[in-house]
Student: 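One structure coming up, written as structure tokens, with questions to follow.
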Amino acid sequence: MKISDVRVRKINSEGKMKAIVSVTFDDCFVVHDIKIIEGQEGLFIAMPSRKMPDGEFKDIAYPINSETRNLVAEAVFKAYEEKRLEEGDNAEEAALL
């Protein structure tokens with residue numbers, strides 16, 4: 001399995017949720033709404049989930065082993081950092097104009 005694309009759709013500077021990401025696998029399957037969240041021990045990813053009638057959240061798409069979770073997390077964090085730096089550069093350019 002190969003991650004063929006990672007798109008960071010939204011970045012928040014305030015609050016615990018930092019971004020929403022879509023990941024494409026093998027150019028044929030996409031998972032939307034992966035969240036990057038700031039926790040007590042740093043950033044982590046939260047897979048797409050649905051709120052159940054009892055108020056609990058249940059993941060609806062997720063890696064089934066730690067190797068795959070790490071692969072997805074590394075790709076997501078790399079794309080997030082690139083987007084964050086890109087947006088920081090654009091903000092600095094706008095301030096100079």
Side-chain angles (χ1 to χ4, degrees):
M1 177 187 71
K2 176 181 163 253
I3 294 177
S4 46
D5 190 34
V6 179
R7 295 187 187 209
V8 179
R9 296 192 328 246
K10 181 179 179 185
I11 293 184
N12 296 322
S13 58
E14 296 180 18
K16 292 184 185 264
M17 187 172 68
K18 298 301 179 186
I20 298 173
V21 181
S22 296
V23 177
T24 304
F25 299 90
D26 292 329
D27 288 318
C28 64
F29 186 82
V30 66
V31 177
H32 294 293
D33 296 331
I34 297 172
K35 296 169 193 72
I36 299 176
I37 298 173
E38 179 84 45
Q40 292 179 346
E41 298 178 20
L43 295 176
F44 67 93
I45 62 171
M47 299 305 289
S49 60
R50 175 176 292 150
K51 189 173 185 178
M52 305 306 287
D54 64 1
E56 182 180 346
F57 284 89
K58 186 103 171 152
D59 286 350
I60 55 176
Y62 54 90
I64 60 171
N65 59 49
S66 60
E67 179 183 346
T68 305
R69 178 171 282 280
N70 291 338
L71 179 75
V72 172
E74 287 175 14
V76 165
F77 292 141
K78 180 180 178 197
Y80 170 69
E81 188 62 26
E82 289 171 358
K83 181 78 167 187
R84 200 174 65 77
L85 291 173
E86 175 185 304
E87 288 193 0
D89 289 344
N90 290 341
E92 288 176 18
E93 287 179 17
L96 293 174
L97 297 176

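Computed from a predicted model, the values in this text were never measured in an experiment.
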Student: Does Ser22 use its side chain to pair, donor to acceptor, with the backbone of His32 at less than 3.5 Å?
Tutor: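 Not a single qualifying donor-acceptor pair exists.
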Student: Could you give the distance from NZ (Lys10) to NZ (Lys35), rounded to the nearest 0.5 Å?
Tutor: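 Reported value, rounded in 0.5 Å steps: 10.5 Å.
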Student: How long is the gap from CD1 on Ile36 to OH on Tyr80, to the nearest 0.5 Å?
Tutor: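 Reported to 0.5 Å precision, the distance equals 6.0 Å.
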Student: Working to the nearest 0.5 Å, report the span between CD1 of Ile37 and NZ of Lys16.
Tutor: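 Answer for the CD1-NZ pair, Ile37 versus Lys16, is 9.5 Å.
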Student: Is any side-chain N of the basic residue among Arg9 and Asp33 closer than 4.0 Å to the acidic one's carboxylate O?
Tutor: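 Looking at Arg9 and Asp33, the cut-off is met.
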Student: So how far is it from Met1 CE to Phe25 CZ, rounded to the nearest 0.5 Å?
Tutor: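 If I round to the nearest 0.5 Å, the distance is 5.0 Å.
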Student: Going by distance alone, is a donor N or O of one side chain under 3.5 Å from an acceptor N or O of the other, for Ser49 and Asp59?
Tutor: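 No, no side-chain donor-acceptor contact under 3.5 Å.
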Student: Considering all heavy atoms of both residues, which atom of Pro63 and which atom of Met47 are nearest to each other, and what is their separation?
Tutor: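 Result for this residue pair: CD-CE, 3.8 Å.
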Student: Could you pull out the closest heavy-atom pair between Ser4 and Asp26, with the gap in Å?
Tutor: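 Closest heavy-atom pair between Ser4 and Asp26: OG-N, 3.5 Å.
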Student: Does one hydrophobic cluster hold both Ile20 and Ile34, with members joined at side-chain heavy-atom distances below 4.5 Å?
Tutor: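 Per the 4.5 Å side-chain linkage, Ile20 and Ile34 are not co-clustered.
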Student: May I ask you to check whether over 12 heavy atoms, not counting those of Phe77, lie within 6.0 Å of atom CZ?
Tutor: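 Counting other residues, nucleotides and ligands, CZ of Phe77 exceeds 12 neighbours.
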Student: Applying side-chain contact (heavy atoms from CB on, under 4.5 Å), run through Val21 and Val6 and close with a yes or a no.
Tutor: CA-CA 7 Å; Val21 181; Val6 179; 3.5 Å; yes
Student: Side-chain heavy atoms under 4.5 angstrom apart, residues restricted to Ile, Leu, Val, Met, Phe, Trp, Tyr: same cluster for Leu43 and Leu85?
Tutor: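 Different clusters.
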Student: Would you give the length of the straight line joining atom CZ of Phe44 to atom NZ of Lys18, rounded to the nearest 0.5 angstrom?
Tutor: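 Nearest 0.5 Å value for the CZ-NZ distance: 12.0 Å.
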Student: Who pairs with Asp5 by salt bridge (charged side-chain N to carboxylate O under 4.0 Å, His left out), at least two apart in sequence or on another chain?
Tutor: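 Here the qualifying residues are Arg7.
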Student: Check each of Glu82, Glu81, Glu86 against Arg84 using the salt bridge (Lys or Arg N to Asp or Glu O under 4.0 Å) test, and report the only one that passes.
Tutor: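 Output: one option passes, namely Glu81.
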